[in-house]
> 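Shown below is the structure under consideration.
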There are 2 protein chains.
Amino acid sequence: MAVTLHDVARLAGVSIKTVSNVINDYPHIRPATREKVELAITELGYTPNLTARSLRSGRTGAIALAVPDLALAYFAELAAAVIAAAEASGLVVLVEQTGADPERERELLRSPRLKMTDGLIFSPLGLGQEDIAALEVPYPLVLLGERMFDGPSDHVTMQNVEAARAATEHLIAAGRRRIAVIGSHEGEVIGSAGLRLRGYREALEAHGIAYDESIIGPSMAWHRESGARAMRELLARGVGFDAVFALNDTLALGAMRALLEAGRRVPDDVAVIGFDNIDEAQYTVPSLSTVDPGRAWIAETAVATLLERIAHPQSDVPPRLLLADFSVVARESTHAA
Amino acid sequence: MAVTLHDVARLAGVSIKTVSNVINDYPHIRPATREKVELAITELGYTPNLTARSLRSGRTGAIALAVPDLALAYFAELAAAVIAAAEASGLVVLVEQTGADPERERELLRSPRLKMTDGLIFSPLGLGQEDIAALEVPYPLVLLGERMFDGPSDHVTMQNVEAARAATEHLIAAGRRRIAVIGSHEGEVIGSAGLRLRGYREALEAHGIAYDESIIGPSMAWHRESGARAMRELLARGVGFDAVFALNDTLALGAMRALLEAGRRVPDDVAVIGFDNIDEAQYTVPSLSTVDPGRAWIAETAVATLLERIAHPQSDVPPRLLLADFSVVARESTHAA
DNA sequence: GCAACACTGTACAACGTTGTAGCCCCTCGG
DNA sequence: CCGAGGGGCTACAACGTTGTACAGTGTTGC
C-alpha cells in the first residue's frame with residue numbers, strides 16, 4: 001500500500017534521489033532516465049508522502065483558519081473565500097471553530113495543533129486589547145475582522161467605524177431620525193460591536209441627532225434568533241423609532257422578522273440596514289440594505305499577506321494594517337416610504 | 001525558535017527518549033526525573049513537532065472534509081457540525097471545496113494532499129454510479145449525502161426518497177394537489193435531486209395524483225438565485241399549481257421570493273416546503289416548512305465511522321449504509337389557508 | 001546469596017523525504 | 001594531451017519523533 005521512493009527507485013533501477021529529482025523537476029536528467037522513472041511511478045501508483053516532505057522541508061502547504069462558527073453565514077462565506085484563495089496558491093486550509101470563547105481563542109494561539117500548518121488566519125471575536133501579548137506567536141499570523149492597535153501581527157480588516165457611519169448616514173439621508181441599534185455589546189470599545197456603534201454615534205453627531213440609549217438594543221450573540229429577541233425587547237419598551245441599524249445582517253434578518261410579526265412595515269414604518277452583505281440579504285422580503293465590507297478582498301489579501309510572511313519569516317517589515325474598501329448596498333429595506 | 005526534544009533533553013540532562021516518554025505519559029518514570037523534564041519543557045516552551053510525530057506514527061490527527069461549497073448554508077452547517085464532532089475526538093479538519101464539479105471531485109480522491117490526513121469525509125454532488133471505481137481509494141473514506149449502491153465505502157446519508165415522499169405527503173395532507181417541484185436535475189437518478197424527485201413521485205402515485213412534467217422546474221444550481229429564477233420560469237409558463245416542493249431550503253427561499261414578487265401569497269395561494277432544515281428556515285417570513293434530514297446525527301456518525309475505520313484499517317467489516325432519521329418540520333409556509 | 005523480575009533509563013534505528021557532497025564521464029579550450 | 005567544467009547520477013545525512021532492544025539498579029522470593 002505505502003509506495004515510497006525506494007520502491008520506485010528499485011523498479012526503475014536508479015537511486016531514490018534520482019526519483020526525487022524527477023518528481024521535483026530537477027533539470028539535469030536524461031530523457032531516458034526520466035521516462036524510466038515516470039513509468040515506474042505510474043506503474044506503482046506512487047504519490048509522495050506529504051508528511052515526510054513537510055518534515056524535511058519545514059513547510060506543510062497548509063494554513064489554518066480560525067473563525068467563531070461556520071454556521072454563521074458571514075464566517076461561512078469568509079471561509080469559502082479563504083479556501084478558494086488558498087487553493088489558488090496551492091494551499092489547503094484547516095478550519096477551527098472557537099465559538100467566540102476568549103479562553104478557547106487564547107488556547108488556540110498556543111495550540112501545538114498549529115504545528116501542522118505554516119501559518120494562521122485568525123478572526124477573533126472575544127479577544128481584546130489586553131490579549132495583545134498572546135498574539136506574540138512563533139508562526140506567521142494574520143488577523144481578521146477586528147481592529148487592534150499596536151498588535152504584533154498583520155491585520156486585514158474592514159473599516160468598521162467608517163462603514164457603520166456610512167450605513168447610519170444612509171438612513172439619515174432617507175429622512176430617518178430615530179435610529180435604533182440592534183446587537184450592541186455594552187462597554188465594548190474595540191470589538192466589531194464597539195467600533196460599529198462608534199460609527200453610528202459619529203454619524204448622529206455629525207447630523208446633530210442626540211444619542212438615545214433607550215433605542216440601543218444589546219445582544220451578545222449575533223444570531224437571527226438573538227436579533228429577533230433584541231427587537232422584541234426594544235418594541236416592548238414602547239420607545240419610538242423609525243429605523244434600525246443592525247450591527248450585522250443576521251441580526252437584521254431576525255429583527256425584520258420581529259418587526260413584521262409586530263405589524264410594523266419595513267421599510268414604510270421602520271427602515272432596516274444591516275452589515276456584512278451576506279448572500280441571503282438580497283433574497284429576503286424585503287431585500288436587506290446593508291454594507292458590503294469587502295469580504296472577498298479581505299480573504300484574498302489575508303492569504304496573500306500570510307504567504308508573504310511565510311516566505312520571508314525573518315523579514316523586518318513592520319506589522320501592516322490593510323483596510324478593505326466598503327460600500328453601502330441600498331435595497332428595499334431602506335427604500336423611501 | 002524550533003525547540004526539539006534534543007534541546008529539552010540536554011537541559012534536563014536526560015536522553016531524548018526519556019523526554020518523549022514523559023510527554024507520552026509512559027508510566028515508569030521517577031517523579032524526580034519527570035519533574036526535571038517538565039521544568040525544562042516549560043522553560044524552553046517546547047511543543048512537539050506534529051509533522052515529525054505524524055511521519056513516525058503514520059497518523060496525522062487530521063481528517064479531510066470535502067463539500068461542494070461552504071457558502072451554501074447546508075454545507076456550512078454540516079461542516080460546522082463535522083468540525084465540532086471531530087474536535088470532540090481530538091481531530092482537526094481540513095476543508096476542501098469541490099464546487100460540485102465532477103472532474104474536481106474525482107481529482108480530489110486521487111489528490112496527494114489527502115496524504116496529510118488520516119481519512120476523508122466526502123460529500124459528492126457530481127459523482128454518479130459510474131464513478132464507483134474512483135471510490136476505491138487507499139485511505140478510509142466515508143461518503144455523505146448521496147446514496148450509491150454497492151460502493152466500496154461506508155456511507156452515512158439521509159433518507160432522500162422517504163423524506164421527500166413525506167414532504168410531498170405533508171403538502172397533500174394540507175389539501176394541495178398541483179404540487180410543483182423546484183430544482184430537479186433532468187435524467188438524474190441517484191443524486192440528491194433524482195432521489196428526492198423519486199420520493200415526490202412515489203407520494204403522488206400513492207395518492208392517485210398524476211405526475212405532470214409541466215410543473216417540474218429544473219435547476220442545476222441549488223442557490224437562492226437559481227430557485228428564484230426557476231420559479232419565475234414556472235410562473236411564466238402559465239401552468240397552475242397550489243404548492244411547491246423545493247428540493248432544498250435555499251431553492252425554497254428563492255422560490256418564495258419570486259412568488260411574493262409575482263403577487264402569490266404563501267401559503268394562501270401556494271404552499272412551500274423545502275428540504276434540509278437550515279437555520280434560517282425558521283426566521284424567514286413566512287417561516288419555511290421543511291424536512292430535517294438529521295444533519296447533526298449525520299456529522300457525528302460520519303466522524304465516528306471514519307475514526308473506526310482509521311483505527312482498524314484492515315478490518316473486513318463490509319461497507320455500511322447508515323441512515324439518519326428524518327422529520328417533517330411544519331411551519332407557516334404550509335399552514336392551512 | 002542468587003535468580004527472577006520489575007523499574008528506570010539509554011542507544012539506535014526507522015518513518016519518507018530532500019539537501020549536500022562527491023563521483024564519473026564527456027566535452028572543450030589551450 | 002591535459003585540466004577545467006558541467007551534465008547525470010549516487011551515497012549519505014538530516015528533518016524530529018517514537019518503537020525496539022537492551023543495560024543498569026534495586027527488590028523480591030526462595
Side-chain angles (χ1 to χ4, degrees), chain A residues 1-38 40-41 44-62 112-118 138-139 313, chain B residues 1-41 44-62 112-118 138-139 310 313:
Chain A
M1 175 117 71
V3 181
T4 75
L5 284 183
H6 282 93
D7 303 318
V8 177
R10 199 175 318 123
L11 181 60
V14 297
S15 77
I16 69 165
K17 189 64 224 273
T18 300
V19 180
S20 171
N21 285 339
V22 169
I23 289 166
N24 295 288
D25 284 324
Y26 180 74
H28 305 302
I29 304 175
R30 269 185 315 182
T33 310
R34 182 184 301 276
E35 206 168 328
K36 255 193 322 188
V37 171
E38 278 166 352
I41 287 177
L44 295 175
Y46 168 80
T47 57
N49 181 317
L50 296 188
T51 302
R53 183 178 284 177
S54 295
L55 175 59
R56 181 63 239 231
S57 68
R59 287 283 229 44
T60 66
R113 301 194 290 189
L114 293 175
K115 275 274 165 61
M116 277 196 301
T117 64
D118 295 333
Y139 48 83
Chain B
M1 177 118 67
V3 181
T4 75
L5 284 182
H6 282 93
D7 304 318
V8 177
R10 200 175 316 122
L11 180 61
V14 296
S15 79
I16 69 165
K17 189 62 222 275
T18 299
V19 181
S20 171
N21 285 339
V22 169
I23 289 166
N24 294 288
D25 285 323
Y26 179 73
H28 304 302
I29 304 174
R30 269 186 313 186
T33 311
R34 182 185 299 276
E35 207 168 328
K36 255 192 325 189
V37 171
E38 278 168 351
L39 205 73
I41 287 177
L44 295 176
Y46 168 80
T47 55
N49 181 316
L50 296 188
T51 302
R53 185 178 283 178
S54 295
L55 175 60
R56 182 62 241 232
S57 69
R59 286 283 234 31
T60 65
R113 301 195 291 189
L114 292 176
K115 274 274 165 62
M116 277 196 302
T117 65
D118 296 331
Y139 48 81
I310 291 169

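In what follows, every chain begins at residue 1, and chains take the letters A, B, ... in the order their sequences are listed.
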> Tell me which nucleotide among D:dT17, C:dT18, D:dG16 gets nearest to the side chain of A:Leu55.
D:dG16

> Please list, chain by chain and in numerical order, all residues satisfying salt bridge (Lys or Arg N to Asp or Glu O under 4.0 Å) with A:Arg10, sequence neighbours excluded.
A:Asp7

> Could you pick out which residue, A:Arg53 or B:Pro27, lies toward the 5' side of DNA chain C when each is mapped onto its nearest nucleotide?
B:Pro27

> Please report the distance, rounded to the nearest Å, between CG in A:Asp7 and P in C:dG16.
9 Å

> Hey, could you give me the CD1/CD1 distance between A:Ile41 and A:Ile23, rounded to the nearest 0.5 Å?
4.5 Å

> For A:Asn24 and C:dT17, give me the distance from atom CG to atom P, rounded to whole Å.
10 Å

> For A:Leu50 and C:dC15, what is the distance between atoms CG and P respectively, to the nearest whole Å?
18 Å

> Taking atom CD1 of A:Ile29 and atom CG of A:Asn24, what is their separation to the nearest 0.5 Å?
9.0 Å

> Provide, to the nearest angstrom, the distance between the NE2 atom belonging to A:His6 and the P atom belonging to C:dA14.
11 Å

> Without decimals, in angstroms, what is the distance between A:Asn49 CG and C:dT18 C1'?
13 Å

> For A:Lys115 and D:dT17, give me the distance from atom NZ to atom C1', rounded to whole Å.
12 Å

> Measure the distance from CE on A:Met116 to P on D:dT17 and round it to the nearest whole Å.
15 Å

> Would you give the length of the straight line joining atom OG1 of B:Thr33 to atom NE2 of B:His28, rounded to the nearest 0.5 angstrom?
13.5 Å

> Atom pairs, N/O to N/O, protein against nucleotides 9-13 of chain D, distance under 3.5 Å?
residue: D:dC9; atom: OP1; partner: A:Arg30; partner atom: NE; Å: 3.1
residue: D:dC9; atom: OP1; partner: A:Arg30; partner atom: NH2; Å: 3.1
residue: D:dC9; atom: OP1; partner: A:Thr33; partner atom: OG1; Å: 2.1
residue: D:dC9; atom: OP2; partner: A:Arg30; partner atom: N; Å: 2.9
residue: D:dT10; atom: OP1; partner: A:Ser15; partner atom: N; Å: 3.1
residue: D:dT10; atom: OP2; partner: A:Ser15; partner atom: N; Å: 2.9
residue: D:dT10; atom: OP2; partner: A:Ser15; partner atom: OG; Å: 2.8
residue: D:dT10; atom: OP2; partner: A:Thr18; partner atom: OG1; Å: 2.2

> Rounded to the nearest 0.5 Å, what's the gap from OH on B:Tyr46 to CG on B:Leu5? Could you check?
3.5 Å

> A:Arg34 and A:Pro27: which non-hydrogen atoms are nearest, and at how many Å?
NH2-O, 4.0 Å

> OP1 or OP2 of D:dT17 versus the side-chain N and O atoms of B:Ser20: is any pair under 4.0 Å?
no

